[in-house]
Amino acid sequence: MLYWFAEHLGFTGLLNLIRYQSFRTGAAVATALFIGLVIGPKFIGWLRVRQGKGQPIRTDGPQSHLAKRGTPTMGGLMILTAMTLSILLWMDLSNPYVWACLFVTLGFGAIGFLDDYDKVRKATTAGVPARVRLLLEFVIAGIAAWIIMGQNGAHLYLPFTSREYYEIGWVYPIFAAFTIVAFGNAVNLTDGLDGLATMPVIIASVAFMVIVYLVGNARFAHYLGIPHVPHAGELAILCGAVVGAGLAFLWYNAPPAAVFMGDTGSLALGGALGTISVVAHHEIVLGIIGGLFVVEALSVIVQVFWYKRTGRRVFRMAPIHHHFEQLGWSEPTVVIRFWIVSLVLALAGLSTLKLR
């Protein structure tokens, strides 16, 4: 919104800074952080009153988690509120990539909200049936992928190569939609401990803040041998809004959590990162930067697959963060060590910009 005024009213002096993506990215971080911190206490209090017993806790999970009963969920609404207001204030709303990302983020957030609401209302961990959720997610992701493909083509970029593209035609929107849905659910599966998903999302957002800025700049993209996607740099501001909103939420989600993100937040944030990677043609790099989320999702897939066929478990409990809890690691130990892994993987993902 402010960008439109800067462009059309000819702002000068300090106000001319609004034209610069770097300034608006920093402003988006600060705005989302401020909004999240301000609305947090009243928002959490409102959720606690409305939900009563809070999020249902798995009875077959680690026994230490039973002490978390009564903690409200749907804290993702706080993230989405702070993030969306910051985006609307600082981003160029004429950019189609902005709306594609917002469509996925809010759409996945709505699906997550329905799932959280169903769990709280029925006092069960089941929620909306998985098939219904996945169908809705693929419809939303497919529409966004089609919009993005119409803007920047249907080619797949391979990291560690210089300007190596593969035109995959009609397969691309399917691949793009799968990337968005898969990453949304991967973040969702990771959100099982206080602060576990939030910080890796922030780290991945900072990494993609750098990537989309470079991808959107023709000179940097040519120098690095990466795809140049005009106007993709605007999404650095969206990444900044995710960082600010995530930090504000982490303030209240730090152990012991005053509120849980719920599917409302985890699905939305994962979907946002997946969509950003599709815009930047860095879907494979997302698998490196977000490798922690990938491992969490794979641990569930492997566990279910192997148990159905042999009746035996590969891990003591899935997702894999519960496996380490069962090995005797305390919750803060698991969380902090996973944060470190996430940071290392983000640096490895960023290294693909030069290693080719």
Side-chain angles (χ1 to χ4, degrees), residues 28 76 79-80 83-84 86-88 91-115 128 131-157 167-188 201 204-205 207-209 211-212 215-216 227 229-242 245 263-287 289-290 293-294 297:
I79 298 175
L80 292 178
M83 176 182 160
T84 303
S86 182
I87 288 170
L88 294 177
M91 294 193 74
D92 176 9
L93 300 182
S94 65
N95 189 318
Y97 297 136
V98 174
W99 293 107
C101 289
L102 265 180
F103 178 65
V104 171
T105 304
L106 297 180
F108 276 33
I111 295 170
F113 174 82
L114 292 175
D115 195 57
V128 176
R131 290 183 179 180
V132 176
R133 273 181 44 166
L134 285 173
L135 176 61
L136 293 173
E137 289 168 16
F138 268 105
V139 169
I140 292 171
I143 294 172
W146 193 263
I147 293 171
I148 295 167
M149 188 180 74
Q151 297 293 320
N152 64 11
H155 53 266
L156 178 65
Y157 162 72
E167 290 290 339
I168 56 177
W170 61 268
V171 177
Y172 184 76
I174 299 174
F175 169 73
F178 174 79
T179 299
I180 295 169
V181 172
F183 207 75
N185 284 279
V187 174
N188 179 230
V201 164
S205 297
F208 267 94
M209 188 189 299
I211 289 172
V212 293
V215 164
V229 183
H231 312 299
E234 192 69 18
L235 295 185
I237 301 159
L238 191 150
C239 291
V242 173
D263 293 0
T264 308
S266 57
L267 271 178
L269 294 175
L273 284 170
T275 311
I276 291 168
S277 76
V278 170
V279 172
H281 285 305
H282 273 65
E283 301 93 342
I284 297 175
V285 175
L286 175 66
I289 291 174
F293 303 116
V294 175

Margin query: When you measure from the side chain of Ser277 to the backbone of Gly274, do you find a donor-acceptor pair of N or O atoms at a distance under 3.5 Å?
Written below: yes
Please set out all donor-acceptor pairs under 3.5 angstrom arising from side-chain atoms of residues 95-102, sequence neighbours excluded.
| residue | atom | partner | partner atom | Å |
| --- | --- | --- | --- | --- |
| Asn95 | OD1 | Tyr97 | N | 2.9 |
| Asn95 | ND2 | His231 | O | 2.9 |
| Trp99 | NE1 | Leu93 | O | 2.6 |

Next item on the list: Nearest 0.5 Å please: distance from the CG atom of Leu106 over to the CD1 atom of Ile111.
Entry: 11.5 Å
Note to self: Using side-chain heavy atoms (C-beta onward) and a distance below 4.5 Å, is Phe108 in contact with Asp263?
What the structure shows: no
Check: At their closest point, which heavy atom of Gly109 faces which heavy atom of Leu80, and how far apart are they?
Finding: CA-CD1, 4.0 Å
Notebook entry, point to check: Below 4.5 Å, heavy atoms only, C-beta onward: do Ile237 and Met209 meet side chain to side chain?
Noted result: no
Would you list the atom pairs, donor with acceptor, under 3.5 Å between side chains in residues 171-180 and any protein atom, with sequence neighbours excluded?
| residue | atom | partner | partner atom | Å |
| --- | --- | --- | --- | --- |
| Tyr172 | OH | Val278 | O | 3.4 |
| Tyr172 | OH | His281 | ND1 | 3.3 |
| Tyr172 | OH | Glu283 | OE2 | 2.7 |
| Thr179 | OG1 | Phe175 | O | 2.9 |

Check: Please walk me through it: do Glu167 and Leu156 pass side chain to side chain contact (heavy atoms under 4.5 Å, CB included)?
Finding: CA-CA 6 Å; Glu167 290 290 339; Leu156 178 65; over 6 Å; no
Next item on the list: Under the side chain to side chain contact (heavy atoms under 4.5 Å, CB included) rule, collect the residues that match up with Ala280, sequence neighbours excluded.
Entry: Ile211, Val212, Val215, His282
Note to self: To the nearest 0.5 Å, what is the distance between CG on Leu238 and OG on Ser205?
What the structure shows: 8.5 Å
Item checked: Inter-residue atom distance Ile276.CD1 - Leu286.CG, 0.5 Å rounding -> 9.5 Å
Check: Between Val229 and Gln151, is any pair of side-chain heavy atoms under 4.5 Å apart?
Finding: no
Checklist line | Under the ring-ring contact (aromatic ring centres under 6.0 Å, His included) test, residues paired with Phe183 that sit two or more places apart | finding: Phe293
Checklist line | Approximate separation, where rounding is to 0.5 Å, of Leu267 CG and Glu137 CD | finding: 5.0 Å
Notebook entry, point to check: Do you know which two heavy atoms are closest between Arg133 and Asn185, and how far apart they sit?
Noted result: NH2-OD1, 3.3 Å
Item checked: Backbone of Val279 reached by a side-chain donor or acceptor of Asn152 within 3.5 Å -> yes
Notebook entry, point to check: Looking only at heavy atoms, what is the nearest atom pair of Ser86 and Ala28, with distance?
Noted result: OG-O, 2.9 Å
Next item on the list: Check ring-ring contact (aromatic ring centres under 6.0 Å, His included) between Phe113 and all other residues, then give those that pass, not counting sequence neighbours.
Entry: none
Checklist line | For Ala241 against Ile87, the heavy-atom pair lying closest together | finding: CB-CG1, 3.8 Å
Note to self: Looking at every non-hydrogen atom in both residues, tell me the closest pair between Thr105 and Ala268 and how far apart they are.
What the structure shows: O-CB, 3.3 Å
Which side-chain N or O atoms in residues 138-149 pair as donor and acceptor under 3.5 Å with protein atoms at least two apart or in another chain?
none

Item checked: For the student: nearest non-hydrogen atoms of Val187 and Gly270, plus distance -> CG2-CA, 3.6 Å
Notebook entry, point to check: Can any side-chain N or O of Asn188 pair as donor or acceptor with the backbone N or O of Gly184 at less than 3.5 Å?
Noted result: no
